[in-house]
Structures are given as C-alpha cells and as structure tokens.
Amino acid sequence: MSDVKKIATRESYGNALVELGREHDDLIVLDADLAGATKTGVFKKEFPDRHIDCGIAEANMTGIAAGLATCGKVPFMSSFAMFAAGRAFEQVRNSVGYPHLNVKIGATHAGISVGEDGATHQCNEDLALMRAIPGMVVINPCDDVEARAAVKAAYEYVGPVYLRFGRLAIPVINDPKTYQFEIGKGIVLKEGRDVTIIATGLCVSEALEAAVRLEADGIQAEVVNIHTIKPLDEELVLASAQKTGKVVTVEEHSVIGGLGSAVCDLLSEKAPTRVLKIGINDEFGMSGPAKELIAKYGLDAEGIFHKVRGFL
C-alpha cells in the first residue's frame, strides 16, 4: 500500500474538531500541554477562547471537563492514551463514568506505534481500561475518514466516549463520499467463507492486505472492521463466526481486555467458536521505529498472514 494516501488519525482528530467547532459553539477542547502532538493546536489557533490548556495535570483536566459538561458544554479532553486512560483513570471513572457525563476523551499516541517513545508511553491497555467503565463508549477508528466521522458521532452522542487515535500515518482505505459511520456497527470489508478476521484501528488495513495474500493460497478470509469496541456489534460478529466457524481478532493492543476479549466474551456465551487473538501478548512494548515494532509483534500483513494460515 505504498502508493496509498496516509494520514495519522491524530491529525484527523484535530481537523475534525475544527470542522465541528465552526458549527457548534458549545464544543470546548481541553489539552494537557500536548496540543502540538495531539493536534488540538489547530483548534486553538482558530478558537482560542474555546481551547483550555490545563498543563501537565490530566486528572485536573478530567475534572474540568466534567464540570463543563454539567454546564451544558461538550468538552473534548485530549492527551496521550497513556495519560488520558492511564494516569487519569480514577477521575475518568468517578467524575465522568459514574455520573455518566457528556465528556469525550480524545486519546492520541496509543499502542506500540508510538515507536521510539518506548514502553512507558506505548499504552496497550487503554481499550481494556475504558471498556471496563460502565456506560463508556469505546471507539478505535481505522483511518482518516473513519476517525473524522467518529469524532462527529461522538459529539452527537450524549454520554461519555473514549476515542483512540494513533501517531503513525496509516493508509486511507475508506471513501469519504460513500462511508457511513454508526456507533456500535461494524463493517464487512471483504466477504469470505473459511475464516473471519476481525480487526480494529491501524490493523484493519493490514488485515485486508493479509486477506489478499491468503486468497492467493486458496483461503477465503472475511474481513470485518470493528471500530466500536463497546458497544460491540454482536449481531455482525455472531453472523460471521457462524458462517466461517473460525475467528481471528487483530488489534494494536494487549490480547487481554481489548477487542479479542470482547469477541471471546460474546462467542463463548452465544456461539462457541475457535478464536485466535493477535495482539500484544502479556508483555510491554519497546523503543524502536513504529513500522518495525508493528512487524516485530506480528501486526503487519505478513505477520497476520502467517498466523492465520497457521491457525487454519
């Protein structure tokens, strides 16, 4: 996919906020001294009176966002996933989740694709943390088109939403003219009969490429994009699993508590199916170029191809 347009979803986040800000005066953006990295700086430039830099104080930022929500504003609190989901977990749980306030969490730099910043900043646990909070919607878009649509949907949804974005520029695989986003509804990108590959985030484009390689080997893989980890599209997952009889989940996240766990929870209860979870196995990441790390952990097309073929 070298000739495909590539954009980091954190860029999409910043651009989408500006577009929404022009239409909605109640949208407020908060950041924790990272506006240049989270790309909320573009919003700050156009709407300085509606951008609040809270400094390196993510827990405090969460409380401010909660307060703004009680006043009828729609706050988007922004930071790296490690800080938004990790450092501020208690405040997100108690100040946003418990009262079910209308706060949106824009978490950038998620997963091992943070690269050289290393294990301390590579949050591979955020989906699990946010999925565990009652009533929290958890979204992980796969490209620029989907990320922009997700931000708009999050604004329109009344309640807490966690949005996961990445640092690495990734292929744009959706057509903005035809793409439709709906919270809680997955998308079948490729029909198949032999195995279902359920992917999320940057792994979606890699899964599609892996499916092409599998097809050359005579294996028809169905590829499903699950952009909303919670609520999960149970109907789609069940239908595809029952159709193929084998499921592989792929995520740039720990295999504990994320997409794979959500799928397994569902299938074990309603349609017992063999499942292979591809992700970060019970370990921390390491410092290195993002693309090399993705390959090292088997999250690129080649890694997915070999693991699926071995599974079958």
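Along the sequence shown, residues are numbered consecutively beginning with 1. Computed from a predicted model, the values in this text were never measured in an experiment.
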Would [X] and [Y] pass as an ion pair if we require N to O under 4.0 Å?
X      : Y      : value
Arg167 : Asp117 : yes
Glu191 : Lys243 : yes
Glu222 : Lys190 : no
Asp217 : Arg309 : yes
Asp265 : Arg131 : yes

With a 4.5 Å heavy-atom cut-off, do [X] and [Y] have their side chains touching?
X      : Y      : answer
Leu214 : Val308 : yes
Thr108 : Lys39  : no
Leu236 : Val188 : yes
Val18  : Arg22  : yes
Phe305 : Val212 : no
Thr249 : Leu276 : no
Lys5   : Pro171 : no
Val92  : Val103 : no

Does any N or O in the side chain of [X] come within less than 3.5 Å of the main-chain N or O of [Y], such that one atom is a donor and the other an acceptor?
X      : Y      : value
Asp53  : Asp33  : yes
Lys104 : Tyr157 : yes
Asp143 : Ile173 : yes
Lys230 : Ile133 : yes
Ser287 : Gly118 : no
Thr228 : Gly184 : yes
Asp233 : Gly186 : yes
Glu234 : Leu266 : no
Arg164 : Ala107 : no

Could you give me the CA-CA distance, side-chain angles and deciding distance for Val237 and Ile198, then say whether side chain to side chain contact (heavy atoms under 4.5 Å, CB included) is met?
CA-CA 8 Å; Val237 172; Ile198 301 176; 4.0 Å; yes
Between CD1 of Ile294 and NZ of Lys296, what distance do you get to the nearest 0.5 Å?
13.5 Å
Could you walk me through whether Ser78 and Tyr13 pass side-chain hydrogen bond (donor to acceptor under 3.5 Å, both in side chains), step by step?
CA-CA 10 Å; Ser78 319; Tyr13 176 53; 2.7 Å; yes
Under the side chain to side chain contact (heavy atoms under 4.5 Å, CB included) test, which residues partner Glu156, sequence neighbours left out?
Lys152
Side chain to side chain contact (heavy atoms under 4.5 Å, CB included) with Ala147: which residues, sequence neighbours excluded?
Thr9, Ser12, Pro141, Phe165
Pair Leu232, Ile226 - check side chain to side chain contact (heavy atoms under 4.5 Å, CB included), show working.
CA-CA 8 Å; Leu232 183 68; Ile226 292 293; 3.9 Å; yes
Give the cluster check for [X] versus [Y]: same hydrophobic cluster or not, with ILVMFWY residues linked at side-chain heavy-atom distances below 4.5 Å.
X      : Y      : value
Val204 : Val247 : no
Ile28  : Val74  : no
Phe47  : Val42  : yes
Val250 : Ile229 : no
Ile112 : Ile304 : yes

Cut-off 3.5 Å, side chains only: do [X] and [Y] have a donor facing an acceptor?
X      : Y      : result
Ser254 : Asn124 : no
Tyr162 : Asp126 : yes
Asn225 : Glu146 : yes

Do you know the tightest heavy-atom contact between [X] and [Y]?
X      : Y      : answer
Arg50  : Leu27  : NH1-O, 3.1 Å
Pro160 : Val96  : CB-CG1, 3.7 Å
Cys264 : Val275 : SG-CG1, 3.7 Å
Cys54  : Ile64  : SG-CD1, 3.9 Å
Ile197 : Ala221 : CD1-CB, 4.0 Å
Ala271 : Leu238 : CB-CD2, 3.7 Å

Check the pair Asn15, Phe43 against side chain to side chain contact (heavy atoms under 4.5 Å, CB included), reporting the backbone distance first and the verdict last.
CA-CA 8 Å; Asn15 292 331; Phe43 184 92; over 6 Å; no
Other residues, nucleotides and ligands only: do more than 12 of their heavy atoms fall within 6.0 Å of CD on Glu283?
yes
May I ask you to check whether over 12 heavy atoms, not counting those of Glu23, lie within 6.0 Å of atom CD?
yes
With side-chain hydrogen bond (donor to acceptor under 3.5 Å, both in side chains) as the criterion, how do Thr244 and Thr196 come out once you've worked through the C-alpha distance, each side chain's angles and the decisive distance to 0.1 Å?
CA-CA 6 Å; Thr244 66; Thr196 297; 2.8 Å; yes
Assess the residue pair Glu58 and Gln91 against the criterion (side chain to side chain contact (heavy atoms under 4.5 Å, CB included)); give the C-alpha distance rounded to whole Å, side-chain angles, the decisive distance to 0.1 Å, and a yes or no.
CA-CA 9 Å; Glu58 294 82 5; Gln91 286 72 30; over 6 Å; no
Should the pair Arg274 and Phe311 be classed as cation-pi, given the thresholds of under 6.0 Å to the six-membered ring centre and 45° from the axis?
yes
Could you name each residue pair satisfying ring-ring contact (aromatic ring centres under 6.0 Å, His included) that touches [range], not counting sequence neighbours?
range            : value
residues 73-92   : Phe80-Phe83, Phe80-His109, Phe83-His121
residues 196-228 : Phe181-His227
residues 243-300 : none

Checking Glu251 now: which residues fulfil side chain to side chain donor-acceptor pair (under 3.5 Å) with it, not counting sequence neighbours?
none
Check the pair Tyr155 / Asp26 against side-chain hydrogen bond (donor to acceptor under 3.5 Å, both in side chains), numbers first and verdict last.
CA-CA 10 Å; Tyr155 172 85; Asp26 59 355; 2.6 Å; yes
Option from Leu293, Ile170, Leu168 for which side-chain contact (heavy atoms from CB on, under 4.5 Å) with Ser113 holds:
Leu168
